[in-house]
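This report concerns only the one structure given below.
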Amino acid sequence: MGGRPVLRFAPSPNGRLHLGHAYSALINADLAGRLGGLCRLRIEDIDPVRSKPAFTAAIVADLAWLGLRYPEPVRVQSRHMAEYRSARDGLAARGLLYPCFCSRGAIRAAAAEAPGRDPDGAPLYPGTCRGLDPAEAAERCARGEPHTWRLDMGRARTRDPFGYWAFDGDGAGERWVEAEPALWGDAVVSRRDVPTSYHLSVVHDDAVEGVTHVVRGKDLEAATSLHVLLQRLLGLPSPRYHHHRLVQDEEGRKLAKSRESPGLATLRDLGVTPEAIRARLGL
Ligand code: GLU
């Protein structure tokens, strides 16, 4: 691959950071140091409702308290919508995407008859809009009817197997993992409200930022198959991947921002030190 290793920590500013984020941020920084590379911070704020600038500021402050500083400029996804739109339009122009006008309720109802689930447990899209007459679909888009853009998995997937290199937490131990993007069905590549999705933005940005090693939680491992497919379709290089364990709370449950889990700010206010956080995380 050559060049300097580049890693990234990419939180979404829709809440405060908890121990799980601290773990991810710290192992990214530690590995960047061991590899003689650098770790960037990226703010993944494409969700216009859930993302709040105040959370971004708090995230930066929490990371600084942990002793983590990042190179400037920090990439903020909401400022790059035009790039995502153009990547999306390129895929659509090649017939790899189609507009989908189905409401969530309609998808749930249709999926009740064909109860397939994607790796996140959401109903697989039954393909209702895949066969729409292209002229009619274009006209509905032009009229401003709300729609997402879905990957036509049957067209997008190549026949030959492909995959990515996965590495151990220490940066070594590479193994080849075959991608299984079809498990996601016709995934949404561009949402109703913004001209992108987590999947499209993350793949585009990893390439723009020259990311060579992606270190993120096991909860995103299945999504990597989709990301590798998008990289192939967009002609982008694939980084290497490591999916780390998820930090659990005292009762062995996954930490989530939605549940009451100790935020770093709360722990700091209780007098917990960054060193104690590292120790609690086994680092
Ligand atoms: N923004 C994502 C999150 O907060 C992480 C994305 C990634 O690391 O690929 O879960």
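Whatever order the structure lists them in is the order used to number ligands and atoms, beginning at 1. Just so it is clear, the structure is predicted and the values come from calculations on it, not from any experiment.
H21 does not count as a contact of ligand 1, since none of its heavy atoms falls under 4.0 Å from the ligand. Put simply, no part of F9 is less than 4.0 Å from ligand 1, judged by heavy atoms.
Counting the atoms of ligand 1 from 1 in the order shown, those under 4.0 Å from a heavy atom of V202 are 9 (O). In the vicinity of E44, heavy-atom distances shorter than 4.0 Å reach the ligand 1 atoms 1 (N), 2 (C), 5 (C), 6 (C). For ligand 1, the atoms sitting less than 4.0 Å from at least one non-hydrogen atom of Y198 are 6 (C), 7 (C), 9 (O), numbered in the order shown with element in parentheses.
Geometrically, R245 engages Y23 in a cation-pi contact defined by less than 6.0 Å to the ring centre and at most 45° from the axis.
The shortest N/O to N/O separation between L220 and ligand 1 does not fall below 3.5 Å.
Note: Y198 and H227 meet the aromatic proximity criterion, with ring centroids under 6.0 Å apart.
Inspection of the R216 and T224 side chains reveals an N or O donor paired with an N or O acceptor under 3.5 Å.
Between D205 and R40 no salt bridge is recorded (no basic side-chain N to carboxylate O distance below 4.0 Å). Ion pairing between D206 and R8 holds under the 4.0 Å rule for side-chain N and carboxylate O.
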